[in-house]
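Presented below is the structure to which this report refers.
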Amino acid sequence: MLAQSAVADSRDVFAASREVMPGGVNSPVRSWRAVGGDPVVIARGAGARVTDQDGREYVDLVGSWGPLILGHAHPAVVAAISEQARDGTTFGAPTKGELELATAIVETIPSVEQVRLVSSGTEATMSALRLARGATGREHILKFEGCYHGHVDALLVKAGSGALTLSVPDSAGVPAPLAALTLVAQYNDIEGVRSVLGSRGHEIAALIVEPVAGNMGVVPPLPGFLEMLREETTRAGCVLIFDEVITGYRVGLAGAQGRFGITPDLSCLGKVLGGGMPLAAFGGQRRLMQQLAPLGAVYQAGTLSGNPVSVAAGLAALQALRAMPDAYERLEQLGSEAELGLRDALATTRTTGCVNRVGSMMTLFLGIPSARSFAEVCHADTAAFARFFRGMLDEGFYLPPSQFEAMFWSLAHERADVQAFVAAAARVLRRLAG
Ligand code: PMP
């Protein structure tokens, strides 16, 4: 038994955690199953760095899986959280902070006329789907293989090898009849999506997509893909949902929809929006959003929705981002220097691999020359990635522990961090090649 006051190292903490939490974690990817070994137990973070329970410091490229675009413990965010906590942490009643955050979202995200705040990305996508089904009276949805939208039953589904197969659930506990309502297409497959929407569009309530795929590693949309989704969903009368839980405020202040100039019907936000606190949102056209209770027939609710502390953190983060006119330019520069450096390291070490990047989200794929689709991504060399991950950890870089995740650069990183990262990656790749 681990006494609360005992000073324990990472190994002790994780061993004891295994006794009281399944796999020792509260979310499966944290367990490092994909790369082997026990995870580092984090004690604290500051700026671009995290420190583990053993006092070892790492340059952090996980950023809590995306939220920390300002880095850890940004002073303005910490101050907003403390100030709000002193005034009460939750009321379950309307607050002025909610109005301010909702207004900021409406001002920044082109598709959003009205918004509802929730506590997680999963809640946002689940609610957006229900709204789309309620609004259209249709039951099917269409998603893409390799896109993740939270652990919503209906979304824990991917196709078999075909472009469109009868869907089977990815997780035990998802009823097969529910999964059968989820159709699956291939990301970046323009003809495949056209044909599904052409033949079955009238049954489909919503098409949900990560406008930049981030959960099969970063896979950008091919030119014309998002445009086609907009055209074809409009033609079929289905609701186009952009899941911008990762990309919202990450690839630009107006999200991927602003960056690529495509306006969906509904958008899901999370991660950066909450400034590192549990907060997410879904929003869109007024005609759709007004079908939510209490105005409409689609029920959706939450005791801690629009939580004042989370809202204060989110507002502080958005204010900080909006106050920095060059924020996204800086992120682009950091990302671009990292991308070019990694490409160079692949070339000089004669390692097969490729780098995909949109702004500050980036994946190094090992073992494949290109990663434009789920099919290509599936051939990545996950064993080589695990060795690369270990090597980078030894070099003092904390990367996402899976080939199929994004690294995130933040405004707390400096050029020197990128240069050190590239140099370390080159050393690790050289060791792996030799
Ligand atoms: N959508 C996307 C695109 C995500 O990446 C995630 C989480 N990684 C979610 C939804 C679910 O968000 P949450 O983990 O906050 O439920």
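Just so it is clear, the values below take in all heavy atoms, side chains as well, and ignore hydrogens, waters and symmetry mates. FYI, the numbering just counts along the sequence from 1. Whatever order the structure lists ligands and atoms in, that order sets their numbers, starting from 1.
Listed by first then second residue, pairs satisfying side-chain hydrogen bond (donor to acceptor under 3.5 Å, both in side chains) with a partner in residues 285-302 read Arg116-Gln300, Asp265-Gln285, Gln285-Arg287, not counting sequence neighbours.
Of the protein's non-hydrogen atoms, Gly121 N, 3.4 Å is the one closest to atom 13 (P) of ligand 1. Here the protein heavy atom with the shortest distance to atom 1 (N) of ligand 1 is Asp243 OD2, 2.6 Å. The protein non-hydrogen atom at the shortest distance from atom 9 (C) of ligand 1 is Gly150 N, 3.7 Å.
Counting atoms of ligand 1 from 1 in the listed order, those under 4.0 Å from a heavy atom of Ile246 are 5 (O). Per-residue contacts place Ser120 under 4.0 angstrom from the following atoms of ligand 1 (heavy atoms of the residue considered): 15 (O), 16 (O). With ligand atoms numbered from 1 in the order given, ligand 1 contributes 3 (C) to contacts under 4.0 Å with heavy atoms of Glu210.
Here Lys271 has side-chain heavy atoms under 4.0 Å from ligand 1, and that is the only part of it that gets that close. Neither the backbone nor the side chain of Trp65 comes within contact range of ligand 1; no heavy atom lies under 4.0 Å. Contacts with ligand 1 closer than 4.0 Å are made by heavy atoms of both the backbone and the side chain of Thr122.
Under the 4.0 Å criterion applied to side-chain N and carboxylate O atoms, Asp243 and Lys143 are not assigned as salt-bridge partners. Contact check on Glu203 versus Arg138 returns no salt bridge, with no Lys/Arg side-chain nitrogen under 4.0 Å from an Asp/Glu carboxylate oxygen. Checked for salt-bridge contact, Arg259 and Glu332 meet the test: a charged N lies under 4.0 Å from a carboxylate O.
Ring orientation note: the planes of Phe397 and Phe421 are nearly perpendicular, at an angle over 60° on the 30°/60° scale.
A pairwise comparison of heavy atoms in Ser127 and Glu123 identifies OG-O, 2.6 Å as the closest pair.
The closest side-chain heavy-atom distance from Ile241 to Val239 is below 4.5 Å.
Looking at Asn215 next to ligand 1, an N or O pair under 3.5 Å apart turns up.
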